[in-house]
Every structure is written in C-alpha cells, then in structure tokens.
Amino acid sequence: GQQVMQIPQYQHVQEGEDFTTYCNSSTTLSNIQWYKQRPGGHPVFLIQLVKSGEVKKQKRLTFQFGEAKKNSSLHITATQTTDVGTYFCAVITGGGNKLTFGTGTQLKVEL
Amino acid sequence: KAGVTQTPRYLIKTRGQQVTLSCSPISGHRSVSWYQQTPGQGLQFLFEYFSETQRNKGNFPGRFSGRQFSNSRSEMNVSTLELGDSALYLCASSGGWGTGELFFGEGSRLTVL
C-alpha cells in the first residue's frame with residue numbers, strides 16, 4: 001500500500017530557530033495534507049496541497065509540494081513554544097477520506 | 001458549531017472483554033473515519049463510514065468493527081480485547097466524500113490489562 005516516509009523523527013530547536021520536516025513517497029501523490037498534534041491532543045488539519053510545485057504560507061509556516069508530487073515539506077520560521085507538537089503528513093489513499101499518515105516529526109522548542 | 005465528540009475519553013478493560021466507542025461528528029458531516037494511534041505503529045486507518053455504509057476498511061482483524069447510524073453518529077467495537085489493542089482511538093469527520101480535511105475528536109484512550 002501507499003507509504004510516506006517522514007524525516008526527521010525528532011527535532012529539538014531553540015526558540016527562534018527554523019524547523020523543517022519532510023515527507024517522501026516513492027510514487028506520485030495526488031495530494032498531501034499536513035496535521036499538527038499537540039502533546040496529549042488530537043491531530044488538527046493545517047493544509048492540503050494538490051498542485052505540482054505548490055507553495056502555501058500560513059504566517060510562519062510554509063508548505064511545499066514537490067514538482068514531481070513525490071515529496072512535500074513544512075517549514076516553520078522562527079519557532080515559538082506554541083509550535084511544540086508532532087507534525088504529520090498524510091495522503092488520501094483508496095478513495096474517500098482514507099488517509100495514510102507519515103510517521104510524524106516531533107518538534108520540541110526550548111527557551 | 002460543536003466539534004467531533006468521542007465517548008468515553010478513557011477506559012480500562014481486561015483481555016478478552018469487548019469495548020464500544022462512540023463518535024458524534026460535526027453537524028452535517030456524513031463521513032466518519034476511525035483511526036488507531038499507538039507509539040509503535042503511529043496513526044493507522046481502521047474504517048470509514050459514509051451515509052451508513054462502510055466505504056473503506058483498513059488492515060485490521062475482524063475483531064474490529066463499526067457502524068454508522070442515520071444521524072451520522074458512529075460506533076466502533078473491538079471484541080476479544082488483546083493487550084496490543086491498547087491505543088488512542090480517534091474518530092474524524094468530514095463534510096463530504098474525498099474532500100480532504102478531517103476534523104478529529106479528542107479520542108478515546110483504551111488501556112487493556
């Protein structure tokens with residue numbers, strides 16, 4: 001079945017540093033979504049990308065979909081303690097709303 | 001607009017028992033999906049219901065089952081519980097079929113002893 005590899009698994013940064021997480025697939029993706037899960041919380045939808053080379057920004061967050069639609073990245077500029085959590089990429093597979101999630105990147109931000 | 005509501009939030013069962021979890025989607029949402037989250041396996045898709053019909057199923061044994069009612073509320077059942085079933089069970093609703101964005105509930109944390 002569809003698999004998406006996500007790296008890194010963990011990232012510790014100092015507040016104010018940048019952070020990037022990557023998702024890679026061996027096959028072409030029709031779309032990719034990003035979710036954030038705070039410690040003890042539930043996944044919260046951030047964005048969906050569908051177009052080749054698409055770049056979307058949400059304040060300090062920048063999302064990219066690769067030209068070949070096989071990879072995606074989430075970049076956070078000048079991290080804050082509120083950015084702490086695990087970031088997941090996910091792709092719709094098998095029709096409907098069935099999502100295959102990446103393994104997630106756990107971000108910790110130190111003051 | 002109320003979010004996705006899951007009950008119970010926490011529960012403890014013993015091996016061999018069964019459990020039923022409930023999910024009320026966002027009003028107007030007809031798609032309800034269930035996911036299992038564990039530290040070792042991450043987030044894994046269980047099944048999706050749309051208009052009372054199971055439309056997608058993940059790779060879980062038959063002990064895991066679900067259903068959706070006419071008001072879109074959904075339940076999932078796990079029979080003959082095993083220690084490995086300990087997990088956070090997340091329900092997610094969506095406004096349509098294949099629309100993408102999922103709204104997750106806070107989850108039901110199941111511990112099997």
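All values below were derived from every heavy atom in this structure, side-chain atoms included, with hydrogens, water molecules and symmetry-related copies excluded. Just so we're on the same page: letters track the sequence lines, and every chain starts at 1.
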Do the side chains of [X] and [Y] join up, straight or via other hydrophobic residues, at under 4.5 Å, putting them in one cluster?
| X | Y | value |
| --- | --- | --- |
| B:M76 | B:L88 | no |
| B:F103 | B:Y49 | no |
| A:Y87 | A:V13 | yes |

Tell me if the [atom1] atom of [X] is crowded by more than 12 foreign heavy atoms within 6.0 Å.
| X | atom1 | result |
| --- | --- | --- |
| B:K57 | NZ | yes |
| B:R15 | CZ | no |
| B:F60 | CZ | yes |
| B:N59 | CG | no |

Interface residue of largest heavy-atom contact number with chain A, from B:G105, B:A92, B:G107, B:G58, under 4.5 Å: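 Ranked by heavy-atom pairs under 4.5 Å with chain A, first place is B:G105.
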What's the separation between atom [atom1] in [X] and atom [atom2] in [Y], rounded to the nearest 0.5 Å?
| X | Y | atom1 | atom2 | result |
| --- | --- | --- | --- | --- |
| B:S94 | A:N97 | OG | CG | 4.0 Å |
| B:Q44 | A:L99 | CD | CG | 13.5 Å |
| B:E101 | A:L46 | CD | CG | 9.5 Å |

Measure distances from [X] to the heavy atoms of chain A and classify the residue's part below 4.5 Å as side chain, backbone, both or neither.
| X | answer |
| --- | --- |
| B:E106 | both |
| B:Y35 | side chain |
| B:L102 | both |
| B:Q37 | side chain |

Closest approach of A:P43 to B:L43 (non-hydrogen atoms, all atoms of both residues):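 What the structure gives for the nearest pair is CG-CD1, 4.3 Å.
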Side chain / backbone / both / neither for A:I92 at chain B, heavy atoms under 4.5 Å: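 Interface part for A:I92: side chain.
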